Amino acid sequence: MKIFSIIFLLFLTSCAFETPAEFSEKALNESLISIQNETIVFNEIIKKYQGKKVLINIWASWCADCIRSLPEMKKFQKANPSVIFLNISVDENPLAWKIGIERFQILGEHYNLPKAMKNGDFVDFLNLRWIPRYIVVDENGGISLFKATKITDKAILAAIKTN
């Protein structure tokens, strides 16, 4: 009986994890820093690209998996030129972030989360525990794909191609 109760409890808690179709109000109001050192609210960034598909790449210059994925990311960018590539860094050091962009020649739009992976509303909304992380945003600012950890994930391409 005890094992059945544990299994049932695990089933119920696993069903509680939903894939959101839109960003929370708190996540939308998170402040980021642009490459020009200007503060901008995430919602303003998303509105800027309304009408277009957006692939968000959450990365850091110190992340080996992020760096290893860049050649595939560049291939994906070349094959999907109409997609906006929004790179959000969780680097704590803004200089390391900017040097990483230059060093690895990362294409697309660039922003930094000044709170990095620590207790920010955006990070909490994503339940961000591992990077890289890819999110696809549709033309209306909704979330088409909430979580992919590899740029080669077929779900990314499927989310980009759907209308």
Side-chain angles (χ1 to χ4, degrees), residues 9-67 69-70 73 76-77 80 82-98 100-101 106-151 153 155-163:
L9 182 62
L10 286 173
F11 174 77
L12 285 179
T13 57
S14 68
C15 292
F17 296 111
E18 293 183 33
T19 302
E22 56 188 46
F23 291 98
S24 70
E25 200 62 39
K26 285 183 175 183
L28 287 170
N29 288 316
E30 182 81 50
S31 291
L32 286 82
I33 305 297
S34 74
I35 197 84
Q36 296 83 16
N37 294 322
E38 297 169 347
T39 301
I40 186 167
V41 177
F42 180 64
N43 192 36
E44 292 175 31
I45 298 167
I46 293 300
K47 283 183 180 177
K48 185 171 152 180
Y49 301 115
Q50 200 150 17
K52 297 187 179 265
K53 295 278 186 163
V54 177
L55 176 66
I56 299 175
N57 168 30
I58 301 177
W59 75 289
S61 64
W62 48 260
C63 169
D65 288 341
C66 300
I67 304 312
S69 71
L70 288 174
M73 172 81 124
F76 192 91
Q77 287 174 312
N80 298 281
S82 64
V83 174
I84 301 297
F85 290 87
L86 179 59
N87 300 288
I88 299 177
S89 168
V90 293
D91 275 290
E92 290 183 27
N93 180 334
L95 183 58
W97 162 54
K98 290 177 181 180
I101 293 167
I106 302 170
L107 305 174
E109 301 296 316
H110 297 280
Y111 297 91
N112 178 260
L113 274 170
K115 294 179 184 175
M117 289 178 70
K118 300 175 188 164
N119 300 326
D121 292 325
F122 188 76
V123 166
D124 289 347
F125 170 75
L126 296 176
N127 192 24
L128 191 64
R129 303 289 177 257
W130 189 265
I131 53 175
R133 170 83 169 269
Y134 304 96
I135 302 156
V136 177
V137 179
D138 67 22
E139 295 87 349
N140 301 313
I143 300 170
S144 298
L145 178 66
F146 182 66
K147 183 178 182 180
T149 57
K150 295 188 183 307
I151 190 64
D153 188 328
I156 295 174
L157 189 58
I160 293 292
K161 297 296 181 192
T162 58
N163 291 333

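Being a predicted model, the structure only gives us computed values, none of them experimental.
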(request) Say whether, by atom type as modelled, one donor and one acceptor occur between the side chain of K53 and the main chain of K161 under 3.5 angstrom. (result) no

(message) Has D91 got a side-chain atom pairing as donor or acceptor with P94's backbone, closer than 3.5 angstrom?
(response)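 No, D91 side chain to P94 backbone: no donor-acceptor pair under 3.5 Å.
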
Please report the interatomic distance [atom1]([X]) to [atom2]([Y]), rounded to the nearest 0.5 Å.
X    : Y    : atom1 : atom2 : result
D138 : E22  : CG    : CD    : 10.0 Å
R133 : L128 : CZ    : CG    : 6.0 Å
Y111 : E30  : OH    : CD    : 14.5 Å
H110 : I33  : NE2   : CD1   : 15.5 Å
E44  : S31  : CD    : OG    : 8.5 Å
L70  : Q77  : CG    : CD    : 8.5 Å

(message) One pair to check against side chain to side chain donor-acceptor pair (under 3.5 Å): N43 and K48. What are the steps and the verdict?
(response) CA-CA 9 Å; N43 192 36; K48 185 171 152 180; over 6 Å; no

Is there a side-chain contact between [X] and [Y] in this structure, where contact means two heavy atoms from C-beta onward sitting under 4.5 Å apart?
X    : Y    : result
V54  : I56  : yes
L107 : F85  : no
V136 : I143 : no
L55  : F76  : yes

(message) Exactly one of I151, I58, T149, D153 should register a side chain to side chain contact (heavy atoms under 4.5 Å, CB included) with Y134. Which one does?
(response)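 Among I151, I58, T149, D153, the one meeting side chain to side chain contact (heavy atoms under 4.5 Å, CB included) with Y134 is I151.
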
(message) For F42 and N29: C-alpha separation, side-chain torsions, deciding distance, then whether side-chain contact (heavy atoms from CB on, under 4.5 Å) applies.
(response) CA-CA 6 Å; F42 180 64; N29 288 316; over 6 Å; no

(request) For E92 and K118, run salt bridge (charged side-chain N to carboxylate O under 4.0 Å, His left out): C-alpha distance rounded to whole Å, both residues' side-chain angles, the deciding distance at 0.1 Å, then the answer. (result) CA-CA 10 Å; E92 290 183 27; K118 300 175 188 164; 3.0 Å; yes

Ignoring hydrogens, what is the shortest heavy-atom contact between [X] and [Y]? Give both atom names and the distance.
X   : Y    : answer
C63 : I131 : SG-O, 3.6 Å
C66 : P132 : SG-N, 3.6 Å
S89 : W97  : CB-CD1, 3.1 Å
I88 : L32  : CG2-CD2, 3.9 Å
Q50 : N140 : NE2-O, 3.8 Å

(message) Would you say the rings of F125 and F146 are close, in the sense that their centroids are separated by under 6.0 Å?
(response) yes

(request) Please check if atom NZ in K147 has more than 12 non-hydrogen atoms from other residues, nucleotides or ligands closer than 6.0 Å. (result) no

(request) Return yes if a side-chain donor-acceptor contact under 3.5 Å exists between E139 and Y49, otherwise no. (result)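 The criterion, which ignores hydrogens and geometry beyond distance, is not satisfied for Y49 and E139.
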
(message) Under a plain distance cut-off of 3.5 Å, with no hydrogens placed, do N37 and K98 share a side-chain donor-acceptor pair?
(response) yes

(request) Might you work through the side-chain contact (heavy atoms from CB on, under 4.5 Å) test for I101 and I35, ending with a clear yes or no? (result) CA-CA 10 Å; I101 293 167; I35 197 84; 3.4 Å; yes

(request) Can you sort out the partners of S82 under side chain to side chain contact (heavy atoms under 4.5 Å, CB included), two or more places apart, ordered by chain and number? (result)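 Result, side chain to side chain contact (heavy atoms under 4.5 Å, CB included) vs S82: none returned.
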
(message) side-chain contact (heavy atoms from CB on, under 4.5 Å) for L86 and I45? Distances and angles first, verdict last.
(response) CA-CA 9 Å; L86 179 59; I45 298 167; 3.8 Å; yes

